[in-house]
Protein chains: 2
Amino acid sequence: MARRQGSHSDITGPRVRAAALRLFARHGYAAVSMRQIAGEVGLGAGALYLYTPDKQTLLFSLMHDHMQELLEKLPAAAPDQDPRARLEAFARFHIRFHLDRPDLVFIAYMELRNLTPENFAVIEAMRRRYEARLEEILCAGELAGEFRIRDVKLTTMALIAMLTGVNTWFREGGRLDREGVEAIYRDLVLKAVGAE
Amino acid sequence: MARRQGSHSDITGPRVRAAALRLFARHGYAAVSMRQIAGEVGLGAGALYLYTPDKQTLLFSLMHDHMQELLEKLPAAAPDQDPRARLEAFARFHIRFHLDRPDLVFIAYMELRNLTPENFAVIEAMRRRYEARLEEILCAGELAGEFRIRDVKLTTMALIAMLTGVNTWFREGGRLDREGVEAIYRDLVLKAVGAE
DNA sequence: CTTGGAACTGAACACCTGTTCAGATAGCCT
DNA sequence: AGGCTATCTGAACAGGTGTTCAGTTCCAAG
């Protein structure tokens, strides 16, 4: 056997990535074999190498695309705008973006240690760029006298940790819906920076 | 060759656990082999099985002992005490405990998915017991009118995520010392629940 | 209807995996 | 001095790992 009916590179490629993502998130990069990924898509193991040069690149590519999308979709910095409104927008964006991509968020955090040092450096730099955007908002609010923050850097990390944590417990169809969650987190964030 | 000079079960045992902990935290459970662990301690692979029935139990044992210590050392619930003081004590305890055991905290969170379902259930139950302690404090403060909390359950999860996040960025000898970190986190927590 | 090549298979490679166990050794007790 | 046993080795087992590649099949264009 070889090429199968109706198969196309531009269909199989995304399917491979989706399967890898699912399995990496479920069981961890190191615990998932190329044969398992291939099996999920209905391929032999060898066919995967038409879509990725190797397993490491497959992981890196998933993480890199995710971080890129995160940075692109983040509302542009608007230094003239009200810091409080900017902080609210950031919190809302973060929660929505993360709730929509639980698997990607999960591996982008959990699988950092399975990246080669070079790949790790790339992802880490992107993460810092994202954090810097929040830090800038907190700085602006502090300077404008709208926030009362004891330590901007620490508060940045604390807020991101708090917001990202939403993925560890939120389940669709539970007690709260997305809007409810967004509102409560916005509330927590505003209070934590002394804006309420 | 066989038994070596000065070797004792009660010395080698802890050394095996320490090596496993270090390596699991560094590279992940699935990515670490029994031979690597044994090598770290200067043993052949077979000798490990004098100290653990298998690899899975080694991981579970590390996580279980960690969670047990967490629950034991957590200041006892004191429902008559001031909720604000109890919350401060909880935050301080959490930060200190976590800063003192970064590797254990790390694997207790990261390696949950590498536990068998039965082992996972045990650890998860312990984690919930810990979270319930914070939830109880928040409830008490809300009822006493000391806190203003929109959703106790969500706030519990958010605060724990925020506090646990300290391990992702804190490095000894950095800009802030432990006391400084504790103080700022206490501040953030109190503000988030509307106690300031 | 032929042909070019994209899409894929499956065997093979060299090596690693967790775990078992017969055998070897070193220190303690008598 | 002799023996006992806790401690450990290293080979062996059955199977899995990422990756390569010669060969096969099917589709589409000429």
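Lettering follows sequence order; numbering is per chain, from 1.
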| task | Determine, for B:K191 against B:D187, whether the closest basic-nitrogen to carboxylate-oxygen distance falls under 4.0 angstrom. | result | yes
| Could you give the CG-to-P distance, from B:D54 to C:dC21, as a whole number of Å? | 14 Å
| message | Tell me whether B:R148 at atom CZ has more than 12 heavy atoms from other residues, nucleotides or ligands lying less than 6.0 Å away. | response | no
| Nearest-Å distance, CG (B:L58) to P (C:dT19)? | 10 Å
| task | Flag the pair A:D80 and A:R86 as a salt bridge only when some basic side-chain nitrogen lies within less than 4.0 angstrom of an acidic carboxylate oxygen. | result | no
| query | Taking NZ, NE, NH1 and NH2 as the nitrogens, is one of them in A:R84 or A:E88 under 4.0 Å from a carboxylate oxygen of the other? | reply | yes
| task | Write down the distance between CD1 (B:I11) and C1' (C:dG27), rounded to a whole number of angstrom. | result | 14 Å
| query | Which comes earlier along DNA chain D counting from the 5' end, the contact point of A:G46 or that of A:Q36, where each point is its nearest nucleotide? | reply | A:Q36
| query | Tell me: CZ of B:R15 to C1' of D:dC8, nearest whole Å? | reply | 13 Å
| task | Please state whether the phosphate of D:dT17, meaning OP1 or OP2, lies under 4.0 angstrom from any side-chain nitrogen or oxygen of A:S33. | result | yes
| Which nucleotide, C:dT9, C:dG18, D:dC8, lies nearest any side-chain atom of A:A47? | C:dT9
| Does DNA chain C take part in any stems of at least 3 consecutive Watson-Crick or G-U pairs (both distances under 3.5 Å), and if so, which ones? | C:1-30 with D:1-30
| task | Test the B:R26-B:F24 pair against the cation-pi criterion, namely NZ or CZ under 6.0 angstrom from the six-membered ring centroid and within 45° of the ring axis. | result | no
| D:dT19 C1' sits how many Å from A:Y49 OH, rounded? | 5 Å
| request: Kindly assign one of parallel, tilted or perpendicular to the pair A:F97 and A:F93, based on the angle between their ring planes and the thresholds 30° and 60°. | output: tilted
| Of all the nucleotides listed (C:dG18, D:dT7, C:dC8), which has the minimum atom distance to the side chain of A:L50? | C:dC8
| message | Do B:S61 and B:R17 pair up side chain to side chain, a donor and an acceptor below 3.5 Å, judged on atom types alone? | response | yes
| message | Closest approach to the side chain of B:R35, judged atom by atom: which nucleotide of C:dT9, C:dT19, D:dT17 is it? | response | C:dT19
| Is the distance from OP1 or OP2 of C:dC8 to the nearest side-chain N or O of A:T12 less than 4.0 Å? | yes
| note | Checking C:dG18, D:dC8, C:dA7 against the side chain of B:M34 (C-beta onward), the nearest is C:dG18
| said: Could you tell me how far apart A:L48 (CG) and D:dT17 (P) are, to the nearest whole angstrom? | reply: 13 Å
| message | Measure OH/A:Y29 against P/D:dG18 and give the value in whole Å, please. | response | 8 Å
| said: Distance check needed: C:dA7 C1' versus A:L43 CG, whole Å only. | reply: 9 Å
| said: As a test of reading the structure: which of C:dG18, D:dT19, C:dA7 is closest to the side chain of A:Y51, going by heavy atoms? | reply: C:dA7
